[in-house]
Amino acid sequence: MQRITQSPTDPGFVQNPYRFYDQARAMGDLVWWEDYAMPVATTHRAVMAILKDRQMGRAPLDPPQTPQHLAPFYAIEAHSMLELEPPRHTRLRGLVLRAFTSRRIATLAPEIEALCHRLIDRFPDAPFDLLPAYAQHVPVTIIARLLGVPESMADQLLDWSNAMVAMYQARRDRAVEEAAAAAATDFSAFLQEYVAARRSKPADDLITHLIAAEEDGTRLSTDELITTCILLLNAGHEATVHSLGNGVKAVLESPGEMLAARSEDLAEEVLRFDPPLHMFTRTVYEDTEVFSHRLKRGDTVGALLGAANRDPAVWDAPGRFDPGRQVGMHAGFGAGLHFCVGAPLARLELAIGLRTLFARCPALALSSEPHYANLYHFHGLRELMVTR
């Protein structure tokens, strides 16, 4: 297995990780990333194979030692279906899907579009940052409505989410850890009150539906319910904000693409071309061989989603943004057992958010060069200054 070195916090990599991905992919399906001290899959076929391989999973073989200052954060993670394997993952995902149905999500379309129009009505005439004015508000407002919590809590939910999600970033340090633990404590306490209120007084919201969801005589415990609500907000919000920002940037930097920006395939091309999440990791559960490389029980392997989505073996000119492209199976939402449970909502928000924005603001233009934030494994903009 060939070896390659690249700091994930290097400014050049943060702004354009795809040059590194192209270099790594040319070295083989799997390469050893020195900075992470683990093998990573670089091609579309290798990434998909690893994500679908049931000899690998998210849960570690042995429970990690949890530092005391991170106990509140990992108390929530302990019940997250993102970090679990069957049979518990199967049970949790099944219960969540009973409340978080595609049909229920589809009914949100008029609501999402109305919210987009309301936010666009508030755009100033001077140059402004589209991220806080638009991209951040769409997903956090919708998830607040779904959960049944007041929209006035949106900014607080956003702060908690940002603090907790920072734990998955390469820039993680002690300050990030303490902020995440504090956010986990406060977020959990807030939801405890709402769960208790909904148990005594049900409403037509996601918390009530999660309380009522039942499979084989079992229901979500309070801890599982709280963790699930936090997961739906954190994972869905972070990814959708980056997808909206990255998508607008891609359109505005591609001459002649504004007319094609209302294409039905736009959202999928955004998720392929510049996805919001670039790496998933898996623990190897049994000794195995993957693309002629031996992996041992207990090894960790990374799946580079961003590299898979630019694989020339799957797409012609993969480095070119093409809103009319027939995308097919990209890796933006992962694959296999842990395929994103919120994918239908994310797709709906992204499609409506982009379509409405470009229909209402056909003269939208960049007012300064966008720069990505130091967020890896996530990939999103620090700001997106535009004029309308």
Side-chain angles (χ1 to χ4, degrees), residues 58-59 66 69-84 88-89 91-100 105 136 138-169 172 176-199 203 205-213 219-242 276-277 280 333-334 338 340-343 345-346 349 375 377-378:
R58 284 289 301 169
T66 301
H69 72 283
L70 284 175
F73 178 84
Y74 284 110
I76 290 175
E77 291 288 282
H79 303 287
S80 172
M81 62 180 168
L82 184 65
E83 307 297 335
L84 299 173
R88 195 174 175 203
H89 173 274
R91 171 180 161 270
L92 285 174
R93 188 179 180 100
L95 288 169
V96 169
L97 288 175
R98 279 165 167 70
F100 204 59
I105 290 167
Q136 291 175 2
V138 172
V140 74
T141 301
I142 293 301
I143 197 65
R145 292 177 183 177
L146 272 173
L147 291 174
V149 303
E151 287 184 38
S152 59
M153 286 291 300
D155 288 342
Q156 181 61 76
L157 295 175
L158 187 57
D159 288 343
W160 286 333
S161 176
N162 288 339
M164 293 183 70
V165 168
M167 284 287 287
Y168 302 103
Q169 296 169 11
R172 171 178 165 179
V176 166
E177 292 177 348
E178 291 179 348
T185 299
D186 293 342
F187 203 168
S188 180
F190 168 74
L191 285 172
Q192 284 271 8
E193 295 181 7
Y194 259 85
V195 170
R198 287 296 178 262
R199 287 193 191 280
D205 56 43
L206 187 57
I207 290 179
T208 300
H209 289 293
L210 286 171
I211 290 171
R219 295 188 178 187
L220 293 169
S221 69
T222 298
D223 287 339
E224 290 171 340
L225 201 155
I226 287 171
T227 293
T228 298
C229 291
I230 291 175
L231 173 64
L232 292 174
L233 172 69
N234 290 359
H237 176 268
E238 188 82 7
T240 305
V241 171
H242 296 331
L277 180 61
F280 284 144
F333 290 117
H338 289 281
C340 178
V341 72
L345 177 59
E349 289 176 334
L375 304 173
H377 308 152
F378 293 98

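Just so it is clear, the model here is predicted, and its values are computed rather than measured. Start at 1 with the first residue, then count along the sequence.
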Thr222 and Gln192: CA distance, side-chain angles, deciding distance, side chain to side chain contact (heavy atoms under 4.5 Å, CB included) verdict:
CA-CA 8 Å; Thr222 298; Gln192 284 271 8; 3.7 Å; yes
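- No donor-acceptor distance shorter than 3.5 angstrom exists from the side chain of Arg172 to the backbone of Tyr168, with no hydrogens or angles considered.
- Considering all non-hydrogen atoms of both residues, Pro139 and His237 come closest at CG-CD2, 3.6 Å.
- Minimum heavy-atom separation, Leu231 to Ser80: CD2-OG, 3.8 Å.
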Given the rule in the side chain to side chain contact (heavy atoms under 4.5 Å, CB included) test, do Gln169 and Val176 qualify, once you have shown the distances and angles that lead to the verdict?
CA-CA 9 Å; Gln169 296 169 11; Val176 166; over 6 Å; no
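- Residues Glu151 and Val140 are not in side-chain contact: their nearest non-hydrogen atoms beyond the backbone lie 4.5 Å or more apart.
- Arg145 places no side-chain N or O within donor-acceptor distance of the main-chain N or O of Pro150, the cut-off being under 3.5 Å.
- Val341 places a side-chain heavy atom less than 4.5 Å from the side chain of Leu232.
- We find the CE-CZ distance between Met153 and Phe190 to be 3.5 Å, quoted to the nearest 0.5 Å.
- Annotation: the span from Arg198 atom CZ to Leu210 atom CG amounts to 12.5 Å, rounded to 0.5 Å.
- Between His69 and Glu177, the closest heavy-atom pair is NE2-OE1, 2.7 Å.
- Scanning both residues, Ala163 and Ala180, for their nearest heavy atoms gives O-CB, 3.4 Å.
- Pairing each heavy atom of Pro72 with each of Ala184, the nearest pair is O-CB, 3.8 Å.
- Between Cys229 and Ile207 there is a side-chain heavy-atom pair separated by less than 4.5 Å.
- Side chains of Leu225 and Ile211 form a contact here, defined as non-hydrogen atoms less than 4.5 Å apart.
- With rounding to the nearest 0.5 Å, the separation of SG in Cys340 from CZ in Phe280 is 7.5 Å.
- Contact of the Phe187 side chain with the Leu157 side chain is registered, since non-hydrogen atoms from C-beta on lie closer than 4.5 Å.
- Taking CD from Glu77 and CD from Glu83, the interatomic distance works out to 5.0 Å, rounded to the nearest 0.5 Å.
- Distance NE2/His89 to CZ/Arg58: 10.5 Å, rounded to 0.5 Å.
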Side chain to side chain contact (heavy atoms under 4.5 Å, CB included) evaluation trace for Thr228 with Leu95:
CA-CA 10 Å; Thr228 298; Leu95 288 169; over 6 Å; no
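- For Tyr194 against Gly148, the heavy-atom pair with the smallest separation is CE2-O, 3.6 Å.
- Taking the side chain as every heavy atom from C-beta outward, Arg88 and Glu224 approach each other to under 4.5 Å.
- Residue Leu97 holds its CG atom at 11.0 Å from CG of Leu92, rounded to the nearest 0.5 Å.
- Across Ile226, Thr227, Asp223, a single residue satisfies side chain to side chain contact (heavy atoms under 4.5 Å, CB included) together with Ser188, and that is Ile226.
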